[in-house]
Amino acid sequence: MSAESPNDENFTIQQFRTILKQFVADRDWEKYHTPRALSEAISIEAGELLENFLFKPDDYFHGDLTPITDEIADVFIYLLNLVNSLKLPNFTEIVLRKIEKNSKKYPIEQFSGDNYSKQ
Ligand SMILES: [Mg+2]
């Protein structure tokens with residue numbers, strides 16, 4: 001029996017980080033991966049994601065999502081390259097801490113449902 005394919009349940013952020021670190025090292029790209037360049041790349045890839053929606057109705061995407069998922073992956077890849085470049089030891093903790101901050105900033109009683117647009 002073969003091993004289960006990688007999926008959201010069995011693949012970790014650290015595994016992604018290790019693969020991307022090796023990908024960058026194999027190409028000797030560390031010198032290009034400055035925090036500024038990687039932040040710019042994240043923004044550019046986010047723009048490419050947005051471009052998929054330009055001048056299209058909101059319900060346009062019913063079929064092939066590949067152009068969108070490719071750009072989502074690019075944003076994620078550059079984000080983790082930035083995390084690697086900054087040598088952040090515990091990205092999971094950083095994200096969980098920010099979600100907690102957001103929970104305090106946007107309490108459910110005040111911001112749920114239609115209340116969001118009334119702020
Ligand atoms: Mg792209």
Side-chain angles (χ1 to χ4, degrees):
M1 189 163 136
S2 65
E4 189 178 6
S5 306
N7 61 61
D8 289 355
E9 300 296 326
N10 67 13
F11 208 80
T12 68
I13 295 288
Q14 186 55 55
Q15 286 172 294
F16 279 119
R17 290 183 66 172
T18 300
I19 288 170
L20 291 170
K21 188 175 179 185
Q22 190 63 54
F23 183 95
V24 171
D26 288 345
R27 289 156 184 80
D28 196 22
W29 284 353
E30 291 96 339
K31 56 184 169 282
Y32 303 117
H33 279 204
T34 63
R36 175 195 288 270
L38 291 168
S39 298
E40 290 167 345
I42 292 166
S43 182
I44 290 164
E45 295 299 342
E48 289 179 6
L49 173 62
L50 198 51
E51 192 175 23
N52 283 291
F53 298 94
L54 186 65
F55 305 126
K56 293 176 182 143
D58 284 347
D59 60 355
Y60 179 78
F61 294 98
H62 292 296
D64 182 15
L65 293 176
T66 305
I68 293 170
T69 57
D70 277 355
E71 300 310 333
I72 291 170
D74 280 342
V75 170
F76 184 72
I77 287 166
Y78 274 120
L79 184 67
L80 289 185
N81 280 332
L82 177 59
V83 168
N84 280 344
S85 171
L86 293 172
K87 299 181 175 17
L88 301 176
N90 193 344
F91 183 53
T92 298
E93 182 194 26
I94 290 167
V95 174
L96 289 173
R97 191 173 351 116
K98 185 61 170 96
I99 291 171
E100 181 62 28
K101 261 190 203 177
N102 290 347
S103 297
K104 288 178 179 146
K105 186 175 179 181
Y106 303 106
I108 293 169
E109 316 74 49
Q110 219 177 326
F111 287 90
S112 65
D114 292 340
N115 289 333
Y116 183 81
S117 58
K118 291 177 186 163
Q119 295 301 313

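In listed order, ligands and their atoms are each counted from 1. One is the number of the first residue; the rest follow in order along the sequence.
- For a distance threshold of 2.8 Å, the protein N, O or S atoms nearer than that to the Mg ion (ligand 1), listed by chain and number, are Glu45 OE1, Glu48 OE1, Glu71 OE1, Asp74 OD2.
- Here the side chain of Asn10 pairs a donor or acceptor atom with the backbone of Asn7 at under 3.5 angstrom.
- Note that CZ of Arg27 and CD of Gln22 are 9.5 Å apart. Values are rounded to the nearest 0.5 Å.
- For the atom pair CG (Leu79) and CG (Asp74), the distance works out to 12.0 Å, reported to the nearest 0.5 Å.
- Counting heavy atoms of neighbouring residues, nucleotides and ligands inside a 6.0 Å radius, atom OH of Tyr32 does not exceed 12 of them.
- Judged by distance alone, the side chain of Ser103 and the main-chain N or O of Ile99 form a donor-acceptor pair under 3.5 Å.
- Note that the CG atom of Leu65 and the CG atom of Asn52 stand 9.5 Å from one another [nearest 0.5 Å].
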